[in-house]
Amino acid sequence: MGGVSSSLDQLPLRDDLRGLKPYGAPQAPLPVALNVNENTHPVPQEVADDILDAVAQALRDVNRYPDREFTDLRESFADYLGHGLTRDEIWAANGSNEVLQHVLQAFAGPGRTAFGFSPTYSMYPLLARATGATWVAGERARDFVVDAESAASQVADASPDVVFLCAPNNPTGTPMGLDVIEAVYDATDGVVVVDEAYFEFAPRDERSALTLLPGRERLIVSRTMSKAFAFAGARVGYLAADASVIDALRLVRLPYHLSALTQAAAVAALRHAPTMLHMVDEIIAQRDRISATLDALGYDPHESWTNFVLFGNVDDPARTWQDLYDRGVLIRDVGIPRHLRVSAGTEAETTAFLDALASIDSKA
Ligand SMILES: *Cc1c(COP(=O)(O)O)cnc(C)c1O
C-alpha cells in the first residue's frame with residue numbers, strides 16, 4: 001500500500017455514489033464564523049456545570065452499553081415539546097441528520113424517491129442518495145414561497161415515498177404555513193417530514209406542525225438541539241410522530257446508537273431549557289438588525305423566521321464571499337445566483353460582518 005492514495009475511481013465504489021461530492025461547508029478558523037447557522041452564544045456556565053456532573057455520573061457506568069431505548073431522554077423531549085406527546089412518540093439520534101437518515105432508511109431506499117422544494121436543505125439529497133433513493137426536486141415561486149395548491153399538485157405528480165418540508169426553510173429562511181403541510185399530507189400516501197430545525201426562531205405565537213400530528217400517522221416533525229439549544233457539537237436531534245413510526249425507525253438504527261454520555265448531556269441540558277433558550281431573543285434581535293442594515297445598504301434580504309438571513313442583489317457572490325473571508329468573516333455561498341447567506345451572531349460578530357460588508361462594494 002506504501003501510503004500512496006489512489007482516487008475513488010479505482011475503488012469498487014457503489015455505482016450510484018460515483019461522482020457525488022461529500023457535504024463540505026468550509027470549516028476555516030476565522031475570527032467571525034457565521035456560515036453554518038450555529039448558535040454563536042456558548043452554553044451558560046451553570047448549565048455547563050450541570051451537564052458536566054451528569055456526564056461524570058454516566059462515565060461511572062460506561063463499561064456497560066447505554067439504555068438502548070434512551071428512555072429518560074425521550075421523556076425529556078416529550079416534556080419539552082408538550083402538545084400531550086408521550087415518550088412512545090419520540091425518537092432521537094446523533095443530530096437530526098441521523099434522525100432524517102433513519103427516516104429515509106425505513107421509508108425510502110433503493111427504488112424509492114424522496115422529494116423537497118428546491119432550494120432547500122442541502123443534506124436532503126445527499127442523505128436520500130446515500131440510502132439508494134432518488135431525489136426529486138420540486139419548485140418554489142420567485143420569493144421562495146410555496147403555496148398549498150402548488151405544493152399539493154407537485155407532490156401528487158411526483159408521488160414520492162418521503163417528502164421533506166423544511167419549515168422555516170434553509171437556506172432561504174422562508175416560513176411555511178400549516179395549510180401547506182396539510183395539503184401536502186393529503187396529496188400523498190408517503191411519509192411527510194416537517195423539519196422544524198429553526199422553529200424556536202419563528203414568531204412566538206406561531207403554531208408548530210406538532211399540532212397537526214393527531215390523526216396523521218404518516219406525519220413526522222423533526223427538531224434539533226443544534227441551533228436554538230446551542231448544542232451543535234453534542235450532536236442531538238429528535239422527532240415526534242405516531243408510535244408506529246418510532247417502531248419503524250427501530251428497525252434501521254444501530255444498536256445503542258446514542259451513547260450514554262450523549263444521553264446524559266442532553267437530558268441535563270433539557271432540564272435547563274429556559275436558560276438554554278435565553279439567547280434566542282438576542283439572536284432574533286441580531287437577525288432583524290442584519291435584515292434592516294442589509295436593506296439600508298441596498299441589498300435584498302429575504303423574510304426570515306430562522307437565525308440566518310439570505311440576501312440578494314449581490315453582484316458576484318463568490319467575490320464578496322472571498323472579500324469578507326479576507327476581512328476575517330466567514331459566511332455562506334449557498335449556490336443561489338446573486339445571493340449569500342449569513343447567520344446571526346453575537347452583537348459584536350454581527351457588527352463585524354455588517355462593517356466588513358459596508359466596506360466592500362458588491363451590490364449588483
Ligand atoms: C442545521 C439543520 C439541521 C440540524 O442538523 P443536526 O444534524 O441536528 O446538527 C437539520 N435541518 C436543517 C434544515 C438544518 O438547517
Side-chain angles (χ1 to χ4, degrees), residues 22-27 33-40 43 70 73 77 80-81 90-105 114-128 130 135 137 140 144 146 162-176 181 192-202 208-209 220-240 249 253 257-259 262-263 265-266 269-270 276 280 283 287 302 304-310 331-332 334-336 341-345:
Y23 175 83
Q27 280 197 307
L34 302 175
N35 63 327
V36 286
N37 302 340
E38 291 153 336
N39 189 322
T40 48
V43 172
F70 46 103
L73 181 56
F77 279 130
Y80 170 68
L81 289 177
I90 303 288
W91 188 248
N94 299 283
S96 69
N97 272 272
E98 191 183 48
V99 171
L100 300 178
Q101 184 181 52
H102 288 165
V103 171
L104 288 162
Q105 285 175 319
F115 177 100
F117 294 101
S118 187
T120 191
Y121 187 39
S122 62
M123 283 306 301
Y124 300 152
L126 292 177
L127 290 167
W135 174 254
R140 292 170 181 272
F144 303 122
V146 252
V162 174
V163 181
F164 288 105
L165 300 176
C166 193
N169 188 49
N170 182 9
T172 62
T174 319
M176 173 175 276
I181 297 165
V192 177
V193 183
V194 183
D195 184 345
E196 291 192 342
Y198 298 96
F199 181 77
E200 286 91 346
F201 299 100
S208 159
I220 294 174
V221 182
S222 82
R223 297 271 188 106
T224 178
M225 293 184 75
S226 293
K227 310 289 160 61
F229 264 92
F231 227 45
R235 311 303 303 125
V236 189
Y238 56 107
L239 63 72
L249 302 178
R253 61 103 175 271
H257 69 288
L258 273 174
S259 86
T262 302
Q263 294 183 40
L270 285 162
M276 294 290 277
V280 165
I283 294 166
R287 174 197 74 198
H302 292 269
S304 172
W305 281 15
T306 63
N307 66 344
F308 59 84
V309 179
L310 179 78
I331 68 166
R332 190 81 176 268
V334 290
I336 302 176
R341 190 192 71 187
V342 62
S343 315

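The first residue in the sequence is number 1, and the count goes up from there. Values reported hereafter were calculated over all heavy atoms of this structure, with side chains retained and with hydrogens, waters and symmetry mates removed. In listed order, ligands and their atoms are each counted from 1.
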Can you sort out which atoms of ligand 1 are near R235, meaning under 4.0 Å from one of its heavy atoms?
-> 6 (P), 7 (O), 9 (O)
Is the H257 ring parallel, tilted or perpendicular to the W91 ring (thresholds 30°, 60°)?
-> parallel
Ligand 1 versus E98: contacting region, heavy-atom distance under 4.0 Å = neither
Side chain to side chain, N97 and L127, heavy atoms closer than 4.5 Å | yes
Kindly write out the residues that satisfy side-chain hydrogen bond (donor to acceptor under 3.5 Å, both in side chains) with R253, not counting sequence neighbours, or none if the list is empty.
-> E69
Write out the residue and atom name of the closest protein heavy atom to atom 2 (C) of ligand 1, then the distance separating them to 0.1 Å.
-> K227 NZ, 2.4 Å
Residues in side-chain contact (heavy atoms from CB on, under 4.5 Å) with A202, at least two apart?
-> W305
Nearest to atom 12 (C) of ligand 1, what protein heavy atom do you find, and at what distance?
-> D195 OD2, 3.4 Å
Answer with yes or no after comparing the ring centroid distance for F201 and F308 against a 6.0 Å cut-off, counting only values under it.
-> no
Protein contact to atom 15 (O) of ligand 1 [nearest heavy atom, distance to 0.1 Å] | Y198 OH, 2.6 Å
Side chains of V236 and F229 in contact at under 4.5 Å (non-hydrogen atoms) | no
Could you tell me whether T224 and ligand 1 have an N or O pair separated by under 3.5 Å?
-> yes
For A197 and ligand 1, answer yes if some heavy atom of the residue is under 4.0 Å from a ligand atom, otherwise no.
-> yes
Report the part of M225 (side chain from C-beta onward, or backbone N, CA, C, O) that has a heavy atom under 4.0 Å from ligand 1; answer both or neither where that applies.
-> neither
Pick, from S226, G95, S96, the option with the minimum heavy-atom distance to atom 10 (C) of ligand 1.
-> S96
Heteroatom proximity flag, N97 to ligand 1, N/O under 3.5 Å | yes
C166 touching ligand 1 at heavy-atom level, < 4.0 angstrom | yes
When rounded to the nearest 0.5 Å, the distance separating CG of N37 from OH of Y198 is 3.5 Å
Electrostatic pair R223:E200 at N-O distance under 4.0 angstrom = yes
